[in-house]
Amino acid sequence: MKVEMEEIDDSTICDSVSSLVEGCRLPVHMTGTSDWLSALAEIISIKEVQGSKCYYVHYVDFNKRLDEWVTEESLDTRKVHFPRRDGGSNTGVSTPKKVHIGGGGGGGGPVGSVSRPSSPVAGSELVNGSAVLAAALQKRMNRKRKGPSLESEDSQDGPAQLPPGPRQSGSMVSHHDDIVTRMKNIDLIELGKHRIKPWYFAPYPQEMVNLSCIYICEFCLKYRKSRKCLERHLAKCNLRHPPGNEIYRKDTVSFFEIDGRKNKVYAQNLCLLAKLFLDHKTLYYDTDPFLFYVMTIFDSRGFHIVGYFSKEKESTEDYNVACILTMPPYQRKGYGKLLIEFSYELSKFEGKTGSPEKPLSDLGLLSYRSYWAQTILEILISMKPVGDNEKPQITINEICELTSIKKEDVISTLQNLNLINYYKGQYIITLNQEIMQSHKKAMESRLVRIDPKCLHWTPKDWGKRAKW
């Protein structure tokens, strides 16, 4: 006898918000939207403010940058999924447990001291401080023994086939997704003339976390508790541009190369700032193996940071970017592609093909796919026939040499654009009028481009880094 089992709805009608606990999932009205989300939101944390409860929620299947604190009025308790007794969730996705760290790990002074920045504390718990420190130290020892070693895996949307599970490489020290690191801990930052709401957790020192706003010097990136403290700092700060060498300037756009070993304090502060807008990829402890390329815009007050990317001095995987970020005030203005274009221009000077470390963020994947498509189409459309009545011919390897884009990225881009066809025993690339018109329109919007003649830079052989 065949028995068909219906899917069991394990949700519960909740008569009071008082019975809600961390790990519950339920429909939540997202701020700024008119309708209730059909997807569930998970309660990450609960706190009481002036006699009313507030709930920090993560919208399931949405990016963590949309996480927020909501009040009881935003919760729909008609369909609540309570966490299982074993700590998991009835919806099939477990709620991470809090990580307790014994011993004397964690802590530390401000960024720029020898120890890593201290992290926010919840009760007696630290944000995996010992694990972060141990991973960084282990990585340093591994480099001393056998050189750099990386495991394969972006401001920038679309689905991506990403390898499962956490990864650990030079661009980040992976942390367990525990309760504290899942929550944004900084409400607001002031950077130059911009006030920006952070997207993600960043391990700033505990004394900075409970402030209504953190004030950051836009030139040296040191952080201060108040505008008054920042004004006193600015009176003494001599920097009006990032430290290091200016290796590119055209019109108002400049790029500075910063050595993570020579300018450790600046590099660590840059990584802390970037972590507010990058979810998993971060490096804030061991900056020595990295170069940082900071893009700025110049005016009468100085050189203002627009974005940056970091790059390993020695990469066994030919990565030409570790982390990449366009600051939120400058996003959707073409600066993301300019950063990517500059990274490939460096690869051309090195005579190599390169690729960014993966997995990319959702926004980073969008930017790279768009850049790859535009760059490759630019090559294909500009090709001339070899002779009369002949079609232009080019190989994948030739595209790689002209663009410095790695072979697998070229192939995946051609496949995503549906340009590769099999005809009479060979693969051919077919360009239709629609693709060409779309490309022309996209290129017209790219008002700012990298001019190779303005790049004054000589690659270094970091294999002989004892000399540097």
Residue Glu444 excluded, over 12 heavy atoms near CD under 6.0 Å: yes

Please report the interatomic distance CD1(Ile305) to CD1(Ile216), rounded to the nearest 0.5 Å. 10.0 Å

Quick check, are the ring centers of Tyr371 and Tyr344 under 6.0 angstrom apart? yes

Do the rings of Phe255 and Phe342 sit parallel, tilted or perpendicular, given the 30° and 60° boundaries? parallel

Go through the structure and list residues passing side chain to side chain contact (heavy atoms under 4.5 Å, CB included) with Pro198, not counting sequence neighbours. Ile186, Ile189, Leu276

Might you work through the salt bridge (charged side-chain N to carboxylate O under 4.0 Å, His left out) test for Glu341 and Arg449, ending with a clear yes or no? CA-CA 8 Å; Glu341 187 178 5; Arg449 299 290 301 273; 3.2 Å; yes

When you compare the side chain of Lys311 with that of Leu346, does any pair of heavy atoms fall below 4.5 Å? yes

Please verify the inter-ring angle class for Tyr223 with Tyr204; under 30° counts as parallel, over 60° as perpendicular, anything in between as tilted. perpendicular

Do Glu246 and Ser254 pass the side chain to side chain donor-acceptor pair (under 3.5 Å) test, and can you show the C-alpha distance, the side-chain angles, and the key distance before you say yes or no? CA-CA 7 Å; Glu246 184 182 12; Ser254 291; 2.7 Å; yes

Please determine which of Arg65, Lys64, Lys184, Arg182 meets the salt bridge (Lys or Arg N to Asp or Glu O under 4.0 Å) test together with Asp279. Lys64

Any donor-acceptor pair under 3.5 Å linking the side chain of Lys275 with the backbone of Leu278? yes

Quick check: do Val70 and Leu75 have side-chain heavy atoms less than 4.5 Å from each other? yes

Can you sort out the partners of Asp318 under side chain to side chain contact (heavy atoms under 4.5 Å, CB included), two or more places apart, ordered by chain and number? Lys406

Any side-chain heavy-atom pair of Asp76 and Leu26 under 4.5 Å: no

Backbone N/O of Ala442 and side chain of Ser445: donor-acceptor pair under 3.5 Å: yes

So, using side chain to side chain contact (heavy atoms under 4.5 Å, CB included) as the criterion, who are the partners of Ile411 when residues are at least two apart? Ile396, Lys407, Gln415

Without swapping roles, check the side chain of Ser438 against the backbone of Glu434 for a donor-acceptor pair under 3.5 Å. no

Residue pair Trp372 / Ile340, side-chain heavy-atom distance below 4.5 Å: no

Student check: side-chain heavy atoms of Val17 and Lys53 closer than 4.5 Å: no

Validation row: Trp199, Pro328 side chains within 4.5 angstrom (heavy atoms): yes

Using a cut-off of 6.0 Å, state whether more than 12 heavy atoms not belonging to Asp61 lie near its atom CG. no

Among Asp286, Asp288, Asp259, which one satisfies salt bridge (Lys or Arg N to Asp or Glu O under 4.0 Å) with Lys264? Asp288

Give the intermediate values and the outcome of side chain to side chain donor-acceptor pair (under 3.5 Å) for residues Glu68 and Tyr59. CA-CA 9 Å; Glu68 61 181 343; Tyr59 298 99; 2.5 Å; yes

Is the shortest heavy-atom distance from the side chain of Leu455 to the side chain of Glu345 under 4.5 Å? yes

Does any non-hydrogen side-chain atom of Phe277 lie less than 4.5 Å from one of Gln331? no

